[in-house]
Amino acid sequence: MESIKVTLKNGLIKEFTKGTTIQEVAKAISQRLGKEALVAKWNGKIVDLSAKLEQDGELEIYTFDDDEGKEAYRHSSAHILAQAVQHLFPDVKFGIGPSISNGYYYDFDTEHVFTPEDLELIEKEMNKIIKADYPFERQEVPREEALQLFEKSGEKYKVELIRELPKDAIISIYKQGDFLDLCAGPHVPSTGKIKAIKLMNLAGAYWRGSEKNKMLQRIYGTSFAKKSQLDEYLAKLEEAKKRDHRKLGTQLGLFSIQEEGPGFPFFHPKGMVLRNQVEDFWREVHRKWGYLEIKTPVILNRSLWERSGHWDHYKENMYFTKIDEIDYAIKPMNCPGAMLVFKTEQHSYRDFPIRMAEMGLVHRHEKSGVLHGLMRVRSFTQDDAHIFMLPSQITEEIKNVISLVDYIYSIFGFKYRVELSTKPEKAMGSDEIWEQATDALRQALEEKEIDYTVNEGDGAFYGPKIDFHLEDSIGRDWQCGTIQLDFQMPEKFDLTYIGEDGQKHRPVVIHRAILGSIERFIGILIEHYAGAFPVWLAPVQVKILPITDRQHEYAEELKKRLVSGGIRSEVDYRSEKIGYKIREAQLEKIPYMLVIGDKETEEGKVSIRKRAEGDIGSSTVSEFVNKITEEISEKLV
RNA sequence: GCUGAUGUGGCUCAGGGGUAGAGCAGCGCACUCGUAAUGCGCAGGCCGUGGGUUCAAAUCCCACCAUCAGCUCCA
């Protein structure tokens, strides 16, 4: 019998009989791998374990520990979900059912409206399917046959998908028991491989993600190789929910959103302290980095917005008002105002780059269904800046902004993800200009050696952009920073500078925001720190806890001393037991508690309790003041 | 905007055609206490809003508003 050489991941070369399946190879390597193997990569292609090896090649076998394994595992779980739904609701038509980052989903079209109770039933049915251990069988079929097959069963969505596949595509279907689906694969060997499943939630989802199409019902689920992993994942989700900024925001008295102002957040005194700390820091850094600060009006004449292009490109997101019968708009962006400021003076090429920052309050009409705490609101403050410069300064200046973003995020301890967004459908300007602008951004990213992904067609209407994304507590990511190159506004507003040659020239403009929206950034801060802010940000930095009423006078004196040293301090004067006061300060997540009893009063000391560490012993008042002052100025996390 | 769910004191939630409930928080009194909950008492609600059905609606029906999950869209 002919034999072939198989090169394994660790470089080892083994010989097998031609036609051996990957499953058999896995078993031959080790019993454990034979059991845990899910899919494999054979000569660069991801395939089923049932694939037969017909020539020499490289083989990598994946288990649930590999991303490729997880993906197939979840994808197979989605097929089991679909099969279960078909058993219970035979009229169902199938959309798509891919694996996603923490699980999978499947979209269904059926008269029946799924309820949470249905999820339990479906889950039971899925477990039956798993127990039956149906093998996943792959079959490649000619295009015509596939079309006939799905047309016959009325699977109009599948038919649509097949029609759009390229002419030469290999069309494969997978069958498990009485269920059959159009699918490129690969899949795990059989339904029995799936161990722990859980259906998470129900939601509507448009067919192929377009508002114009019918809304299907989507069921989200997850699955794991072990029950313990599933439990761990569910516990993690629970933990993340406790960090939700909306929950912590009310608990800690930071902000509220009320029916009277959907999407218009109210900041409470403690939330304002947090906000002002962030803004003070921002101002200080921007001064050091050579920015000037301006403030432009919230309401401006219609003609300005017509000139800027917002009237044509952004109208559905804007609010309007009339003053003395004349149309005005509430600004949705700060740029036109900044352009007007720029135009009030003549500029020389020697002045460039001019970095003009603005904490600008903008209003945008967001659709009602998208509002989300502080993360997605209708009125927010952008930490905007417009940088006016010579075309030759573009790359250097973008790199400069990238460094500033990196520095500011590092102070808060954030990790971030970078995206480059290119020309959208609804755009102003020629393809050449867009190309040139996009290249400038790309070049800056590459020179800074920053990893980024490209988001085609997602740029602003006036130019391409680099976006910086931060993650919230349950892994959703939110755009915060953005750098946008703009060749349009300078044209529209006829911006000029006097060059070396004494002639007028056109400057280039960068729009950029780093925190993005102060509101959103604060939402992310709350979740990032789980409400336990570092001392420099904490609304109350020190809580003084007298043990009995006898220490009230000393407490008052102590508070005065701390407050005069710029430390945000409060005293708990209630006649409660010390344990009670500590518990409360702890729940308020106050970084330092100073316990004072007769002993401390006599010695002029304080007993320090740290939020995270508990009792750390006593020290003199000045020692404590020095320590905390240093911690505040260093912005220690 | 779309699909589905939810809306009861400041907060978390129970009740589900016949006089609105609990815990926590708040206030008062007593206790003066050493590192995560002292006890007793008192207040507090147009049951999201507007219509309807009914002798009677927090409860059933309709519309609207808001919130939540997701989709679409976005900082």
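Below, each value reflects all heavy atoms present in this structure, side chains not excepted, and no hydrogens, waters or symmetry copies. Quick note on labels: first sequence line is chain A, next is B, and so on, each numbered from 1. A quick note: this is a predicted structure, and the numbers were derived from the prediction, not measured.
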P spacing across the pair B:G18 / B:A57, given as an integer number of angstrom:
11 Å
Considering only heavy atoms and no angle criterion, is a donor-acceptor pair shorter than 3.5 Å present between the side chain of A:Ser210 and the base of B:U72?
no
Rounding to an integer number of angstrom, what distance separates B:G41 and B:A22 when you compare their P atoms?
13 Å
Any stacking of A:Trp478 on B:A75, going by centres under 5.5 angstrom and planes within less than 30 degrees?
no
Does the B:G1 base have a donor-acceptor partner in the side chain of A:Tyr206 within less than 3.5 Å?
yes
Look at the side chain of A:Ser517 and decide which nucleotide, out of B:G70, B:A75, B:G26, has an atom nearest to it.
B:A75
Would you verify whether the NZ or CZ of A:Arg275 falls within 45 degrees of the ring axis of A:Phe267 while also being under 6.0 Å from that six-membered ring's centre?
yes
Would you say the base of B:C73 and the side-chain of A:Arg364 have a donor-acceptor pair closer than 3.5 Å?
no
Which is true for A:Gly597 with a 4.0 Å heavy-atom rule: it touches a base, it touches only sugar-phosphate, or it touches nothing?
base
A:Glu366/A:Arg376 ion pair, N-O < 4.0 Å
yes
Using a cut-off of less than 4.0 Å, is there contact between a side-chain N or O of A:Lys465 and OP1 or OP2 of B:A75?
yes
What does A:Arg376 touch in the nucleic acid at a heavy-atom separation under 4.0 angstrom: a base, only the sugar-phosphate, or nothing?
base
When you measure only distances, ignoring hydrogens and angles, does the side chain of A:Glu366 come within 3.5 Å of the base of B:A75 through a donor and an acceptor?
yes
Quick one: label A:Gly516 by what it contacts on the DNA or RNA (base, sugar-phosphate, nothing), any heavy atom closer than 4.0 Å.
nothing
Do A:Glu211 and A:Lys367 meet the salt-bridge criterion of a basic N to acidic O distance under 4.0 Å?
yes
Taking only side-chain nitrogens and oxygens of A:Arg550, does any of them come within less than 4.0 Å of OP1 or OP2 of B:C33?
yes
Give a yes or no on whether the ring-centroid distance for A:Tyr104 and A:Tyr220 is below 6.0 angstrom.
no
B:U32, OP1 or OP2 - any side-chain N/O from A:His552 closer than 4.0 Å?
no
Looking across every strand, which nucleic acid part, if any, lies under 4.0 Å from A:Phe114 by heavy atom: base, sugar-phosphate, or nothing?
nothing
Is there a donor N/O on one and an acceptor N/O on the other, under 3.5 Å, for the side chain of A:Ser575 and the base of B:C33?
no
Looking at A:Arg609 and B:U35, is any side-chain donor or acceptor paired with a base atom of the opposite kind under 3.5 Å?
yes
Using a heavy-atom cut-off of 4.0 Å across all strands, would you classify A:Asp467 as base, sugar-phosphate, or nothing?
nothing
P atoms of B:U38 and B:A43, separation to the nearest Å
24 Å
B:G9 and B:G48: how far apart are their P atoms, nearest whole angstrom?
7 Å
Say you pick atom C1' in B:G21 and the same atom in B:U3; how far apart are they, in whole Å?
35 Å
Here's a test for you: under side chain to side chain contact (heavy atoms under 4.5 Å, CB included), which of A:Leu199, A:Val85, A:Leu119 qualifies with A:Phe114?
A:Val85
Measuring only the C1' atom in each nucleotide, how far is B:G1 from B:C61? A whole number of Å is fine.
26 Å
How far does the P atom of B:C31 sit from the matching atom of B:A69, given to the nearest Å?
49 Å
A:Arg246, nearest nucleotide to its side chain (from B:A25, B:C71, B:A69):
B:A69
Expressed in whole Å, how much space separates the C1' atoms belonging to B:G16 and B:A58?
8 Å
Please confirm whether the ring centroid of A:Tyr462 lies under 6.0 Å from the ring centroid of A:His313.
no
Charged N to carboxylate O below 4.0 Å: is that the case for A:Asp572 and A:Lys543?
no
Residue A:Thr548, side-chain heavy atoms: nucleotide from B:U32, B:U35, B:A69 that is nearest
B:U32
Closest to the A:Glu600 side chain: B:G1, B:G70, B:G34?
B:G34
Expressed in angstrom and rounded to an integer, what is the separation of A:Arg583 atom CZ from B:U35 atom P?
16 Å
Just to confirm, is there a sub-4.0 Å distance from OP1 or OP2 of B:C73 to any side-chain nitrogen or oxygen of A:Tyr314?
no
Any side-chain N or O of A:Arg574 below 4.0 angstrom from OP1/OP2 of B:G26?
yes
For A:His372 and B:A75, what is the distance between atoms NE2 and P respectively, to the nearest whole Å?
16 Å
Using OP1 and OP2 only, check whether a side-chain N or O of A:Gln586 sits under 4.0 Å from B:A36.
no
